[in-house]
Amino acid sequence: METLLFLFPQFNYMAPKEEAYFKMLGPEDLQAPKMKDDSSRQKDKERKSRLSLFLTKSGSHENVSPHKKTNTTPSNISPEAALQWSDSFEELLKHSDGVETFSQFLRTEFSEENIEFWLACEEYKTIDSETKLLSKAKYIYTVFIESEAPKEVNIDYNTKMAIQKSIAQPTKSCFDAAQMKVYSLMKKDSYPRFLHSDIYLRITRRKGPGATMFRRRSRSCVFNERGEATEPSAW
């Protein structure tokens with residue numbers, strides 16, 4: 001690690017998780033992304049295998065069965081507060097409990113990398129130090145963007161190549177296009193399913209013993225006591 005810090009002094013400014021990640025890399029891994037020849041592919045697979053194991057042990061990549069019920073949903077969330085999350089996806093992301101519950105839901109669908117990438121991008125844009133920006137950009141690229149990354153997000157080839165070209169001298173906006181695509185995917189695909197999931201319906205007490213119907217103004221729909229969506233009526 002001392003050698004890495006000598007070669008790349010910017011890595012003196014790393015969060016603990018990122019520092020642990022960079023300890024597993026060699027100097028060649030810290031160069032700007034480039035086309036790889038056949039002789040380096042095996043090393044890449046070994047490095048990504050180590051990184052995947054690190055992410056698993058750190059608890060950031062849980063193997064949760066889609067059919068397995070979990071009891072980790074915060075119990076102090078009121079149904080009224082949770083109902084606000086159904087107003088819009090933007091409203092959900094404004095609440096830390098909403099983000100955590102949505103993340104829990106995505107883990108049951110094995111797609112938690114989407115919210116983790118979005119959150120990493122939000123944090124990235126708050127960094128002012130150029131050295132910290134560089135190390136964080138490299139971390140995001142290696143974990144979420146490059147081909148066969150441990151938590152690779154689903155983005156198109158052109159967006160991926162644009163990030164690859166800018167990663168040597170990253171700007172605060174270099175992940176914006178990818179972040180927007182992932183955001184749109186979650187909003188249009190995952191979020192509607194979340195609103196009908198057991199996780200969300202239990203919090204809002206629309207499923208289970210003693211379930212009651214909560215009526216509130218919503219831009220989308222109103223749920224009855226069985227958790228079924230119905231068209232909103234006049235109030």
Using a 4.5 Å cut-off on heavy atoms from C-beta on, say whether the side chain of [Y] contacts that of [X].
{"X": "Glu116", "Y": "Lys151", "result": "yes"}
{"X": "Phe194", "Y": "Leu106", "result": "no"}
{"X": "His95", "Y": "Trp85", "result": "yes"}
{"X": "Leu133", "Y": "Gln169", "result": "no"}
{"X": "Ile145", "Y": "Val153", "result": "yes"}
{"X": "Lys136", "Y": "Glu123", "result": "yes"}
{"X": "Arg193", "Y": "Glu109", "result": "yes"}
{"X": "Asp156", "Y": "Thr159", "result": "yes"}

Worked check of side-chain contact (heavy atoms from CB on, under 4.5 Å) between Phe105 and Glu112: CA-CA 8 Å; Phe105 166 74; Glu112 70 271 25; over 6 Å; no
Which residues pass the side-chain contact (heavy atoms from CB on, under 4.5 Å) test with [X], not counting sequence neighbours?
{"X": "Lys125", "value": "Glu122, Asp176, Gln179"}
{"X": "Asn154", "value": "none"}
{"X": "Glu152", "value": "Ala149, Lys160"}
{"X": "Ser96", "value": "none"}

side-chain hydrogen bond (donor to acceptor under 3.5 Å, both in side chains) partners for [X], two or more places apart:
{"X": "Thr126", "answer": "none"}
{"X": "Asn158", "answer": "none"}
{"X": "Ser184", "answer": "none"}

field: Same cluster (ILVMFWY, side-chain, under 4.5 Å), Leu185 and Phe117
entry: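 They do not share one cluster, since no chain of ILVMFWY contacts under 4.5 Å joins Leu185 to Phe117.
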message: Same cluster or not: Tyr141 versus Leu119, using hydrophobic residues (I, L, V, M, F, W, Y) connected whenever any side-chain heavy atoms lie under 4.5 Å apart?
response: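 Result: yes, single cluster for both.
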Looking at every heavy atom in both [X] and [Y], which two are closest together, and how far apart are they?
{"X": "Ile163", "Y": "Cys174", "value": "CG1-O, 3.5 Å"}
{"X": "Glu113", "Y": "Phe144", "value": "O-CE2, 3.8 Å"}
{"X": "Pro150", "Y": "Thr142", "value": "CD-O, 3.6 Å"}
{"X": "Ile167", "Y": "Lys138", "value": "CD1-N, 4.3 Å"}
{"X": "Ile140", "Y": "Cys121", "value": "CD1-N, 4.5 Å"}

message: Could you check whether atom CE of Met180 has more than 12 heavy atoms from other residues, nucleotides or ligands sitting under 6.0 Å from it?
response: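 Counting neighbours around CE of Met180, 12 or fewer heavy atoms of other residues, nucleotides or ligands fall under 6.0 Å, so no.
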field: Trace of the side-chain contact (heavy atoms from CB on, under 4.5 Å) decision for Arg107 with Ser103
entry: CA-CA 6 Å; Arg107 284 195 289 273; Ser103 299; 4.1 Å; yes
query: Short question: side chain of Thr204, backbone of Tyr200 - any donor-acceptor pair under 3.5 Å?
result: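 Here the side-chain-to-backbone pair exists.
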task: Would you check if the side chain of Ser86 reaches a backbone N or O of Leu83 as a donor-acceptor pair within less than 3.5 Å?
output: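 Indeed, once roles are kept as given, a pair shorter than 3.5 Å links the two residues.
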task: Rounded to the nearest 0.5 Å, what's the gap from OG1 on Thr101 to CD1 on Ile199? Could you check?
output: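 Here the rounded value is 8.0 Å.
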query: Going from OG on Ser197 to CZ on Arg202, what distance comes out if it is rounded to the nearest 0.5 angstrom?
result: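 Going from the OG atom of Ser197 to the CZ atom of Arg202 covers 8.0 Å.
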query: After noting the C-alpha distance and the side-chain angles of Lys172 and Asp128, does the key distance pass the side-chain contact (heavy atoms from CB on, under 4.5 Å) rule?
result: CA-CA 9 Å; Lys172 286 191 175 184; Asp128 294 323; 3.1 Å; yes
- prompt: For residues 150-171, which residue pairs qualify under ring pair (Phe, Tyr, Trp, His ring centres under 6.0 Å), counting only residues two or more places apart or in two chains?
  reply: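 Found none.
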Ring pair (Phe, Tyr, Trp, His ring centres under 6.0 Å) partners of residues 160-182, not counting sequence neighbours, each pair once: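 Of all non-adjacent pairs touching residues 160-182, those that pass ring pair (Phe, Tyr, Trp, His ring centres under 6.0 Å) are Tyr124-Phe175.
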query: Considering residues at least two apart in sequence or located in another chain, which fulfil the ring-ring contact (aromatic ring centres under 6.0 Å, His included) criterion with Phe89?
result: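 In terms of ring-ring contact (aromatic ring centres under 6.0 Å, His included), with neighbours along the sequence ignored, Phe89 is linked to Phe102, Tyr183, Tyr191.
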query: Who passes salt bridge (Lys or Arg N to Asp or Glu O under 4.0 Å) against Lys165, sequence neighbours left out?
result: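 For Lys165 there are no salt bridge (Lys or Arg N to Asp or Glu O under 4.0 Å) partners, ignoring immediate neighbours.
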